[in-house]
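Comments concern the structure below.
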Amino acid sequence: MNAPHSASAPTPARTVRKAVVPAAGLGTRFLPATKATPKEMLPVVDKPAIQYVVEEAAAAGLDDVLMVTGRHKRAIEDHFDNAFELEQALAAKGDSVRLDAVRDPARLADIHHIRQRDPLGLGHAVLCARNHVGDQPFAVLLGDDLIDPRETLLSRMLDVRDRHEGSVVALMEVDPSQIHLYGCAAVEPTGEDGVVRVTGLVEKPSPENAPSNYAVIGRYVLEPGVFDVLERTPPGRGGEIQLTDALQELAGRGTVHGVVFRGRRYDTGDKADYLRTVVRLACERPDLGPEFVAWLKEFVAGLTEAERSGRERFAA
Ligand code: G1P
């Protein structure tokens, strides 16, 4: 988990090189922590959530990352920049481990920033990337969804894009009661395991109106034609320009595929899931895990014991 992905085995050259990371949201679910700190900078163990996302892009061979930020997001820029004084101080102490940790974020990819000046929705944030992306397919990674670093979802999506052209979305089967939290896809089989054709998309439908229980999770590989569609996509759900609505038009043209993901995904945009993510990833860290797991077991045993004696007291 600690090693930067850029240090892992080289990935084959891709036709898709650019990733767009929308990071302009206000993070209201995490107030007051996000009053002066971008939600993307909240630590997951000891790295900000957004670093995992950039590492994922780099691991899939994407070497150009555009962050679409907003006001009060300068900490994201600083995180992916050099930190001269800090680096000098660590170098002077000979602390090469921390020095690498400080330098790694800026080495992951060629990182750019642009501001979404008006909060008009995810579709609008993606549209802000138009000039930077140009006429090439590109990936979009949403920061609230962390995909476990051991998974290869994005690479699979890029392979599907190489074979089928068009656009590719990541899909995950969810309990029907949860579908109202996601974009939802109507799908048809392709005959290929784990790959479906997307015939329609709807943003956050009620369970009665959902065409399936396939939820769009925050990974997309998009054809550049999506920009023209986004230009004329009217505000949709929540009064925002929805990426899902633009993809619905592309799905109508038969150019959208879905890659079904059954692996480990963490929703760090939700408080309880954020806590679960930190605990899980901490347990798996070789440097922290053994001690932390031992403490956690004791802690849970204590809870169980307190519950049991509470029940007994109540029954007495
Ligand atoms: C966004 C998208 C939604 C998608 C979700 C994945 O919603 O609009 O289609 O399913 O991300 O996390 P948000 O969670 O930003 O409201």
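Both counts, for ligands and for their atoms, begin at 1 and track the order of listing. Heads up: numbering here begins at 1 and tracks the sequence. Because the structure is predicted, anything quoted here is derived from the model rather than measured.
- Scored by the side chain to side chain contact (heavy atoms under 4.5 Å, CB included) test, Leu181 finds Gln178 as partners (sequence neighbours excluded).
- Close approach of ligand 1 to Thr244 is summarised as follows: ligand atoms under 4.0 Å from at least one heavy atom of the residue are 9 (O).
- Residue Asp145 touches ligand 1 through its side chain alone, judged by heavy-atom distances below 4.0 Å.
- For ligand 1, the polar-atom distance check finds no N/O of Tyr182 at less than 3.5 Å from any of the ligand's N/O atoms.
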Exercise. Does the pair His124 and Glu240 meet the rule for a side chain to side chain donor-acceptor pair (under 3.5 Å), with working shown?
Worked result: CA-CA 8 Å; His124 178 257; Glu240 298 188 338; over 6 Å; no

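- When heavy-atom distances to ligand 1 are checked against a 4.0 Å cut-off, Leu142 comes that close only through its side chain, counted from C-beta outward.
- Residues Glu77 and Arg74 are not paired through a salt bridge, judged by the lack of any N-O separation under 4.0 Å between the basic side chain and the carboxylate.
- The distance criterion of under 3.5 Å between nitrogen or oxygen atoms is not met by Leu122 with respect to ligand 1.
- Every N/O-N/O distance between Arg265 and ligand 1 stays at or above 3.5 Å.
- Counting protein heavy atoms only, atom 10 (O) of ligand 1 is closest to Val216 O, 2.6 Å.
- Ligand-side atoms of ligand 1 in range of Gly183: 3 (C), 4 (C), 9 (O), 10 (O), range being under 4.0 angstrom from any heavy atom.
- The distance between the ring centers of Tyr274 and Tyr266 does not fall below 6.0 angstrom.
- Summarising the geometry, atom CG belonging to Asp110 is positioned 12.5 Å from atom CG belonging to Leu62; distances are rounded to the nearest 0.5 Å.
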Problem set entry | Evaluation steps, side-chain contact (heavy atoms from CB on, under 4.5 Å), between Arg107 and Asp100 | CA-CA 10 Å; Arg107 293 169 176 162; Asp100 274 342; 3.6 Å; yes

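- Nearest-heavy-atom check against atom 16 (O) of ligand 1 across Lys204, Met172, Arg237 picks out Lys204.
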